[in-house]
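In each ligand, atom 1 is the first atom listed, and ligand 1 is the first ligand listed. Values below: all heavy atoms of this structure, side chains included; hydrogens, waters and symmetry mates excluded.
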Amino acid sequence: MSNVIPQASPGRVVATRAAEVAAAIQRVTESGRYILGPEVEAFEREFAAYLGVDFGVGVANGTDALELALRAVGVRSGDLVFTVSHTAVATVAAIERSGAVPVLVDIDPETFTMHPDRLNDALDWSARHLPGARPAAVVLVHLYGRPADIESVGAIARNRGLKVVEDCAQAHGALAGKRKVGSIGDAAAFSFYPTKNLAAMGDAGMVVTRDSDTAEQVMRLRQYGWSSSRSSDIRGFNSRLDELQAAILRVGLAHLDTDNARRAEIARRYDDKTGAGLTTDRSALGRVFHQYVIRSARRDELRQQLLARGVQTAVHYPEAVHQQAAYAHRVHIAGGLPETERAVAEILSFPMFQALTDDEVDHICTVAGELLS
Ligand SMILES: *Cc1c(COP(=O)(O)O)cnc(C)c1O
């Protein structure tokens, strides 16, 4: 095969709805409103309604959404915020930018998300080793589109007086039980980076919450700390969402459920071919398949073989956050992160985007069937 099937392709997704996107751009061009206008307000309303929350506040990107959500739920400088090391580095960068100190918790190897027992261990560890610092919040990452165990983590958080901020950057539309992820914690952060399930053509993000005070606080923080009278009564930032991205995201939102269904269909077809001898990332209830990830002890070799047969893969992510130079000496890792470190050496992400053709999926399944049997 001469053409390599890409692991992700924002351009091919946009191409499937080019006319709708062009019309949205045209609408904004003619409106003369370019930042925090009617398109942003409409998208905030529509996405909040889709999730089943009362408030959505558009911001510049997913990292900002996490930072502003943490600040808005009351995280203060020097507080402890618990999350995983098996995530996009942005999760931990946002915690640090909020002024808090990250404490990293190991994952459940079956789900790649925070293990609730390890959260309890990390809380006990920090009480012994960091007695002066206040445990303030958990950032629960729904990685690869799989809803994390928010019921158990939420119960621990309630017991210990912690806020829960959901990192939903990879889980637009995923369900935890009957509720959409993002509608359960004290606040949630979404990214609309171009490869996400709901994608902008640039940077974009949103904080969602059921709490009016939290929403109000994020609205101030995103624009210089302004109150409604345009006076800065708190210190703020510039993290606004623009009209072009909001208009494009409204187009994407109308297709989100169909897109997620197509991703799930692709995943089911991969499932049939990736069983033998592997711990695979099998379909889980409520999941939206941001990524389809297998584990293999010979991951790097497999990656080369797949590429030689025309299939591009990726690794999300090649290093855990605590293994990266900027963070290695600053984050706390409580009792160690053995499952995280094992996973990082074995994970491999197959091509996963809604515009993959049936022929491409067939080819990937054939190649995977041969290499993995
Ligand atoms: C993409 C992502 C982010 C950051 O979003 P940006 O829009 O790139 O700032 C945060 N957390 C996770 C899990 C992500 O995948």
Side-chain angles (χ1 to χ4, degrees), residues 7-8 10 43 47 56-71 81-98 100 102 104-105 107 111-114 137-148 150 153 164-174 181-182 185 187-208 218 222 237-242 245-246 248-249 252 263 281 287-293 314-322 324 326-327 331 340 343-344 347 349 352-353:
Q7 200 273 329
F43 178 57
F47 194 53
V57 184
V59 297
N61 56 64
T63 311
D64 282 6
L66 277 169
E67 178 189 353
L68 269 49
L70 286 167
R71 289 177 179 273
V81 173
F82 298 77
T83 195
V84 286
S85 191
H86 187 57
T87 183
V89 75
T91 310
V92 175
I95 291 170
E96 283 211 320
R97 278 190 8 199
S98 78
L104 303 184
V105 176
I107 55 168
T111 64
F112 296 108
T113 57
M114 181 182 286
V138 181
V139 175
L140 188 60
V141 184
H142 303 292
L143 199 74
Y144 305 151
R146 182 194 295 274
I150 194 161
V153 167
V164 176
V165 172
E166 298 176 71
D167 181 342
C168 300
Q170 302 191 3
H172 315 72
V181 304
F190 284 84
S191 164
F192 307 111
Y193 183 80
T195 58
K196 310 291 191 191
N197 293 45
L198 178 53
M201 288 167 66
D203 274 312
M206 194 180 289
V207 177
V208 303
V218 176
R222 77 174 168 182
F237 303 87
N238 175 351
S239 184
R240 295 176 297 223
L241 180 58
D242 67 69
Q245 299 308 334
I248 290 163
L249 285 162
R263 286 171 177 262
D281 199 19
R287 192 161 172 209
V288 292
F289 286 95
H290 176 61
Q291 299 296 352
Y292 184 93
V293 178
V315 176
H316 299 98
Y317 296 91
E319 294 177 307
V321 177
H322 73 284
Q324 302 181 38
Y327 294 97
V331 295
T340 296
V344 161
I347 47 175
S349 305
M352 179 52 78
F353 57 97

Inset, instruction - Answer with yes or no after comparing the ring centroid distance for F190 and F47 against a 6.0 Å cut-off, counting only values under it. - result: yes
Legend entry - Counterpart residues, side-chain contact (heavy atoms from CB on, under 4.5 Å), relative to Y317 (two or more places apart): A88, Q170
Legend entry - Test log, rule side-chain contact (heavy atoms from CB on, under 4.5 Å), inputs T113 and V141: CA-CA 7 Å; T113 57; V141 184; over 6 Å; no
Below 3.5 Å only, please: the N or O atoms of ligand 1 paired with protein N or O atoms, distance on each line.
| residue | atom | partner | partner atom | Å |
| --- | --- | --- | --- | --- |
| ligand 1 | 5 (O) | S191 | OG | 3.2 |
| ligand 1 | 7 (O) | G62 | N | 2.8 |
| ligand 1 | 7 (O) | S191 | OG | 2.7 |
| ligand 1 | 9 (O) | G62 | N | 3.3 |
| ligand 1 | 9 (O) | T63 | N | 2.8 |
| ligand 1 | 9 (O) | T63 | OG1 | 2.5 |
| ligand 1 | 11 (N) | D167 | OD1 | 3.3 |
| ligand 1 | 11 (N) | D167 | OD2 | 2.8 |
| ligand 1 | 15 (O) | Q170 | NE2 | 2.9 |
| ligand 1 | 15 (O) | K196 | NZ | 2.7 |

Inset, instruction - Would you check if the side chain of Q245 reaches a backbone N or O of M201 as a donor-acceptor pair within less than 3.5 Å? - result: yes
Inset, instruction - Can you spot which of R97, R240, R222 makes a side chain to side chain donor-acceptor pair (under 3.5 Å) with D64? - result: R97
Inset, instruction - Run the ring-centre check on F353 versus F289 and record whether the distance is less than 6.0 Å. - result: no
